[in-house]
Amino acid sequence: TLELWNEANNMSEWDWTLDAHWYRFGEMVGGAAYWAKQRGKQTVLGGMSPFDPAWLDLIFQRGVMQYIDVVGIHGFPDVWERQWHGWPTQIAMVQQVLDQHGSDARIWITEAGFSTWQHDEYAQLRSFVKALRAPVDRLYWYAMEDLNPTLSTIDGFHRDEREYHFGVTRHDGAPKLLYRLWEDGGLRNLMREEQQAVLEDQQRRQVAHARDQRYVLITGGAGFVGTNLAHRILSEGQRVLVYDNLSRPGVEQNLRWLRAQHGDRLLVEVADVRNPYKLNPAVAQASAVFHLAAQVAVTTS
């Protein structure tokens with residue numbers, strides 16, 4: 001399989017003002033695809049960025065698609081995409097263009113990812129699972145490791161902080177939540193965790209609408225002290241909202257134990273205390289707050 005160069009509608013990758021109708025691009029990529037097919041290779045036209053099915057229609061007009069076996073889609077929902085309708089809808093839009101031209105090319109997700117630059121590792125997990133559920137045969141995730149902060153990106157040195165946090169591990173190799181859960185129980189474990197997150201979102205919304213249902217808030221509630229405190233309060237029949245970013249290895253097991261022990265009385269918000277848009281609503285409905293979130297590793301501090 002040979003993936004051909006992509007993102008010709010991305011100004012950072014291709015100055016389309018010098019090739020306004022993509023004739024040069026069509027000649028370059030079409031020629032490469034032709035010779036790849038002559039050598040028995042399967043060809044993949046990489047994804048559009050930003051997403052634009054009309055551009056794919058133009059590539060058909062340029063005669064390139066007769067040599068293409070797979071059309072790739074790029075997507076970074078909640079990171080870069082200005083308009084995002086979900087993977088199934090995006091894929092259906094590409095399939096519609098293929099059908100209009102009678103093409104039997106398949107569709108893959110050739111680049112998808114989520115940046116944890118705002119310390120939202122749980123959101124990365126959920127974004128990964130949504131991409132996994134997309135109706136395609138292949139998914140390529142971007143990337144394994146965060147970009148080293150001493151290096152530059154295509155657009156320049158730290159011009160966009162999101163660029164530096166797409167890995168499932170940090171640049172020093174330390175695993176993020178997605179990596180740990182995947183390693184611990186495989187893809188099924190990730191699916192279960194994402195389903196649990198959906199249920200907890202619904203549960204929090206129900207409590208938020210019922211203003212008389214207050215709870216005890218514990219930031220860092222999945223840690224050792226927080227878990228034991230939560231267990232004590234929950235055992236007394238009170239609701240508890242555990243607010244934790246799950247960045248410390250192993251704390252997700254504490255959360256599973258609390259869920260198993262206390263069921264619906266336990267509320268969970270997987271978020272960072274540095275995110276005021278998550279923290280402020282959590283505090284607003286609390287009857288009491290125990291603030292235990294902290295960086296506990298002296299070496300890291």
Side-chain angles (χ1 to χ4, degrees), residues 1-34 36-37 42-115 117 123-124 126-128 130-143 153-156 159-163 166:
T1 300
L2 177 67
E3 182 176 7
L4 300 161
W5 182 83
N6 53 16
E7 297 193 356
N9 58 344
N10 184 336
M11 198 65 164
S12 296
E13 305 283 344
W14 180 263
D15 189 352
W16 45 263
T17 61
L18 302 177
D19 183 26
H21 301 285
W22 283 278
Y23 284 111
R24 292 179 182 176
F25 177 84
E27 181 179 356
M28 176 183 68
V29 172
Y34 170 81
K37 295 289 286 184
Q42 177 178 237
T43 57
V44 181
L45 180 66
M48 298 150 278
S49 181
F51 181 80
D52 183 5
W55 182 83
L56 180 62
D57 182 71
L58 183 65
I59 294 303
F60 269 105
Q61 297 175 34
R62 297 293 172 263
V64 175
M65 286 301 298
Q66 62 183 306
Y67 307 117
I68 299 298
D69 298 302
V70 179
V71 173
I73 297 180
H74 288 184
F76 298 86
D78 300 319
V79 179
W80 280 320
E81 307 299 341
R82 294 179 181 177
Q83 293 183 335
W84 187 256
H85 306 287
W87 286 110
T89 300
Q90 306 290 92
I91 291 165
M93 293 168 70
V94 172
Q95 187 63 58
Q96 184 178 14
V97 176
L98 296 176
D99 292 342
Q100 287 173 353
H101 291 274
S103 172
D104 59 358
R106 287 161 290 150
I107 302 173
W108 293 351
I109 297 174
T110 47
E111 199 170 292
F114 187 91
S115 172
W117 73 294
Q124 183 186 55
R126 298 181 70 176
S127 181
F128 180 79
K130 287 178 181 178
L132 275 182
R133 291 194 171 121
V136 293
D137 295 329
R138 290 195 187 185
L139 161 65
Y140 292 88
W141 189 253
Y142 179 88
T153 69
I154 293 175
D155 293 323
R159 290 282 300 274
D160 188 338
E161 284 303 311
R162 292 172 293 185
E163 292 270 15
F166 276 98

Does [atom1] in [X] sit with more than 12 non-hydrogen atoms of other residues, nucleotides or ligands closer than 6.0 Å?
X    : atom1 : value
K130 : NZ    : no
R24  : CZ    : no
E27  : CD    : no

For [X], check side chain to side chain donor-acceptor pair (under 3.5 Å) against everything at least two apart and list the hits.
X    : value
E161 : H158
H21  : none
D104 : none
R62  : none

Residue among H101, Q100, Q96 satisfying side-chain hydrogen bond (donor to acceptor under 3.5 Å, both in side chains) with D57: H101
Member of W14, W16, F25 meeting the ring pair (Phe, Tyr, Trp, His ring centres under 6.0 Å) criterion with W55: F25
[atom1] of [X] to [atom2] of [Y]: how many Å apart, nearest 0.5 Å?
X    : Y    : atom1 : atom2 : result
Q42  : I68  : CD    : CD1   : 10.5 Å
T43  : Y34  : OG1   : OH    : 13.5 Å
R159 : I154 : CZ    : CD1   : 12.5 Å
I91  : I73  : CD1   : CD1   : 5.0 Å
I107 : Q90  : CD1   : CD    : 11.0 Å
Q95  : M93  : CD    : CE    : 13.0 Å

What residues form a salt bridge (charged side-chain N to carboxylate O under 4.0 Å, His left out) with R162, not counting sequence neighbours? D160
Under the criterion side-chain contact (heavy atoms from CB on, under 4.5 Å), I'd like the reasoning laid out for L45 against M65: C-alpha separation, chi angles, the key distance, then a yes or no. CA-CA 9 Å; L45 180 66; M65 286 301 298; 3.9 Å; yes
Looking at every heavy atom in both [X] and [Y], which two are closest together, and how far apart are they?
X    : Y    : result
A36  : L2   : CB-CD2, 3.5 Å
V70  : A105 : N-CB, 4.4 Å
L4   : A32  : CD2-CB, 3.8 Å
S103 : F60  : CB-CZ, 3.6 Å
T153 : G156 : OG1-O, 2.9 Å
I109 : A134 : CD1-CB, 3.7 Å

Full working for side-chain contact (heavy atoms from CB on, under 4.5 Å) between F51 and V94: CA-CA 10 Å; F51 181 80; V94 172; 3.7 Å; yes
Would F76 and E111 satisfy side-chain contact (heavy atoms from CB on, under 4.5 Å), going step by step from the backbone distance to the final call? CA-CA 8 Å; F76 298 86; E111 199 170 292; 3.4 Å; yes
Validation: residues 135-143 side-chain donor-acceptor distances under 3.5 Å, sequence neighbours left out:
from, atom 1, to, atom 2, distance (Å)
R138, NH1, Y140, OH, 3.0

Could you tell me whether the side chain of Q124 and the main chain of F114 form a donor-acceptor pair under 3.5 Å? yes
Stepwise side-chain contact (heavy atoms from CB on, under 4.5 Å) check, D69 with T1: CA-CA 9 Å; D69 298 302; T1 300; over 6 Å; no
